Amino acid sequence: MKTENTEPEVKRSLNFIESIVEEDLKNNKNNNVILTRFPPEPNGYLHIGHAKSICLNFGLAQRYNGKTNLRFDDTNPEKEEVEYVDSIMEDVRWLGFNWKGEAHYASDYFQQLYDWAVKIIKDGFAYVDDQSAEIISQQKGTPTQPGIESPHRNRSVEENLDLFTRMKNGEFKEGERVLRAKINMSSPNMHMRDPIMYRILKRNHHRTGNNWCIYPMYDYAHGQSDYIEGITHSICTLEFEVHRPLYEWFLDHVYTEGTIKPRQIEFARLNLSYTIMSKRKLLELVQNKIVNGWDDPRMPTISGMRRRGYTAAAIRQFADTIGVAKRDNVIDVALLEFNVREDLNKIAPRVMAVIDPLKIVITNYPENKEEIVTIENNPEDPSMGNREMPFSQAIFIEKDDFMEDAPKKFFRLTVGSEVRLKSAYIIKCEKVIKDSTGNITELHCTYDPDSRSGSGTEASQRKVKGTLHWVSAKHAIEAEVRLYDRLFNDEAPDGHKDKDYKDFINTDSLKVIKNCKLEPSLKNAAPESKYQFQRIGYFCVDKKDSKPGALVFNRTVPLKDSWTKIQNKE
RNA sequence: UGUCUGAUGGUGUAAUUGGCAACACGUCUGAUUCUGAAUCAGAAGAGUCUAGGUUCGAGACCUAGUCGGACAACCA
């Protein structure tokens with residue numbers, strides 16, 4: 001991945017994390033090593049919120065000449081699966097980042113974690129509790145009331161060691177014993193009230209199999225994993241702010257002088273309007289078949305956005321634009337879409353595609369004549385060259401591009417008016433053909449033979465107010481087009497106390513349109529290739545369902561549309 | 001009646017020894033256009049949660065409030 005420091009850098013203000021890093025560098029902290037980490041739990045697919053975190057962690061390291069570890073936080077065998085591990089690695093790579101060395105796993109450190117737990121017991125700072133989850137929870141107190149101490153809190157070190165060993169050896173059932181840190185049951189911080197370090201779980205772990213029947217809890221495992229790896233800056237989201245004293249407590253109990261001591265820094269997670277970001281709820285959408293899997297193009301997952309046609313560059317740019325801070329935020333999804341269009345505008349070849357076809361017969365054009373017109377692939381980038389497209393007597397245009405009783409501001413085709421067919425001729429609508437029920441079935445037009453684009457004639461230079469996309473009827477290929485819209489109708493589907501987010505699902509979030517008419521050059525369009533359907537939007541070939549001869553296109557994002565805006569005003 | 005934390009245009013993010021609030025998206029004009037896209041030019045929109053204080057000068061510092069968020073899983 002290219003870094004941003006090659007170009008004469010525009011002075012950019014630092015975010016608060018960069019300030020911390022620069023301060024550390026100035027003070028020669030950690031011998032100027034910068035090592036961050038991205039620590040997903042493999043219990044779901046990554047989403048745009050994770051993308052922010054990935055860009056932050058990897059971006060920070062790149063900027064300051066450091067590296068980033070990928071570490072799977074796989075301490076809960078109940079929920080974690082290899083499928084998720086694979087998808088996470090794919091998504092991080094696709095975003096354009098490379099982690100340092102091999103991927104790491106918290107489960108790689110189970111032995112070390114165990115040994116340290118034994119040390120902490122020996123030092124008198126951990127004990128085995130025999131009570132049930134319910135009792136322990138009751139004794140925990142509330143945020144405003146102190147907890148009470150477990151009757152087993154003051155067991156001897158020998159007894160604790162014995163019990164912990166037997167926990168490890170599988171002598172107890174799940175839930176019968178836990179290892180707890182001995183801190184302070186009346187701490188105003190709930191997390192310091194003798195938190196659980198280990199629980200018994202007789203489950204098969206996706207990596208360690210049945211080697212262990214005790215598993216460390218997040219608070220104990222995470223910080224120690226950071227420490228083992230020599231992470232300098234451990235960046236996480238705000239909800240872990242209250243965990244920081246515990247993070248530091250554990251660290252202090254295993255720390256060796258002279259080694260790197262990781263520092264936890266918290267930032268505000270991303271919220272996107274019209275979107276939910278909770279992994280649990282996304283899983284629910286998948287399981288209830290409200291969407292077609294984790295990579296459904298309507299999902300805010302990285303794989304969903306990829307399948308929809310978003311580019312990694314657009315997502316990186318988005319992450320950069322939204323910045324990093326500590327206050328809660330809701331980003332307008334329009335900003336994400338702006339970044340997607342901005343990138344696609346530069347790289348996507350233009351093509352002609354008619355989604356809702358209306359046939360036009362050009363009555364003064366010879367019936368069997370065919371011409372080839374030349375069209376630029378991308379006016380934003382001449383180096384993308386030109387292509388050729390057939391023109392003939394019968395063509396399709398978009399139904400929306402014709403109106404019988406048109407308002408004055410309608411620049412498209414109406415009876416008696418002229419319009420330019422992009423890169424071809426100027427035509428004039430003479431007659432509307434309707435069926436018995438009054439539906440328009442066809443238009444009869446005439447063309448101006450001297451108006452051909454690029455011919456240089458006076459007629460070709462004439463200004464007409466509208467330019468339409470079109471496709472030759474007999475040459476057109478057919479395809480299925482999937483029009484995706486936002487999944488939720490509400491700005492904050494998750495933000496209503498009395499209503500469930502599912503109440504806001506947009507039932508029109510997917511419209512499947514068959515038999516769309518596409519220009520013939522699209523015949524061999526490769527899976528995942530991206531196009532701008534001229535005047536409509538950006539589309540990409542679906543990587544799963546599209547087949548040669550039965551193409552399927554996903555709408556990535558529509559073009560900005562000031563016409564509907566004008567219409568809505570009137 | 002706790003701990004931690006935050007508060008700047010509609011939305012985000014800036015303002016680096018305190019020096020007249022900037023950028024992006026969005027919105028609105030207009031120009032241009034063989035994409036009603038893009039592009040270009042411009043405009044509106046906050047006086048920085050409140051009240052005091054320090055200072056020649058405060059979004060930044062101090063004090064006291066107000067409002068918001070997180071935390072009571074053998075989840076992460």
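Here the structure is a predicted model, which is why all the values come from computation and not from measurement. Note on naming: letters A, B, ... go to the chains in the order of the sequence lines (proteins, then strands), and numbering restarts at 1 for each one.
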Interatomic distance at [atom1], [N] relative to [M], whole Å:
{"N": "B:U48", "M": "B:G30", "atom1": "P", "value": "34 Å"}
{"N": "B:G69", "M": "B:G42", "atom1": "C1'", "value": "39 Å"}
{"N": "B:U5", "M": "B:G19", "atom1": "C1'", "value": "30 Å"}
{"N": "B:C23", "M": "B:A14", "atom1": "C1'", "value": "7 Å"}
{"N": "B:C61", "M": "B:U27", "atom1": "C1'", "value": "37 Å"}

Does a donor on one side chain sit under 3.5 Å from an acceptor on the other, for [X] and [Y]?
{"X": "A:T75", "Y": "A:D73", "result": "no"}
{"X": "A:Y45", "Y": "A:E83", "result": "yes"}
{"X": "A:H206", "Y": "A:D74", "result": "yes"}
{"X": "A:R350", "Y": "A:H469", "result": "no"}
{"X": "A:Q131", "Y": "A:D129", "result": "yes"}

Task: A:R535 side chain near B:G36 phosphate (N/O to OP1/OP2, under 4.0 Å) - done: yes
Task: Any A:K565 side-chain nitrogen or oxygen under 4.0 Å from OP1 or OP2 of B:C28 - done: yes
What nucleotide among [options] has an atom nearest to a side-chain atom of [X]?
{"X": "A:F338", "options": "B:G36, B:C34, B:C25", "result": "B:C25"}
{"X": "A:T321", "options": "B:A7, B:A24, B:U35", "result": "B:A24"}
{"X": "A:R350", "options": "B:A37, B:G36, B:U5", "result": "B:A37"}
{"X": "A:N329", "options": "B:G12, B:G36, B:U16", "result": "B:G12"}
{"X": "A:E380", "options": "B:A24, B:A38, B:G36", "result": "B:A38"}

- [ ] Please work out the stems of RNA chain B from pairs that are Watson-Crick or G-U wobble with both distances under 3.5 Å, keeping only runs of three or more consecutive pairs.
- [x] B:2-7 with B:66-71, B:10-13 with B:22-25, B:27-31 with B:39-43, B:49-53 with B:61-65
Indicate, with a heavy-atom threshold strictly under 4.0 Å, whether [X] touches base, sugar-phosphate, or nothing.
{"X": "A:V324", "answer": "sugar-phosphate"}
{"X": "A:L468", "answer": "nothing"}
{"X": "A:K422", "answer": "base"}

Open item on the list: At under 4.0 Å between heavy atoms, how does the protein contact nucleotides 69-76 of chain B? Give one character per nucleotide, 5' to 3', with B, S or -.
Closed with: SSSB-BBB
- [ ] Measure up the A:W212 and A:Y114 rings against each other and bin them: parallel (under 30°), tilted (30 to 60°), perpendicular (over 60°).
- [x] tilted
TODO: Determine the interplanar angle of the A:H104 and A:Y109 rings, folded into 0 to 90°, and report it as parallel if under 30°, tilted if 30 to 60°, perpendicular if over 60°.
DONE: tilted
- [ ] May I ask you to test the A:Y220-A:L179 pair for a side-chain heavy-atom distance under 4.5 Å?
- [x] no
TODO: Indicate the atoms forming the closest heavy-atom contact of A:A181 with A:Y127, along with that distance.
DONE: O-CE2, 4.0 Å
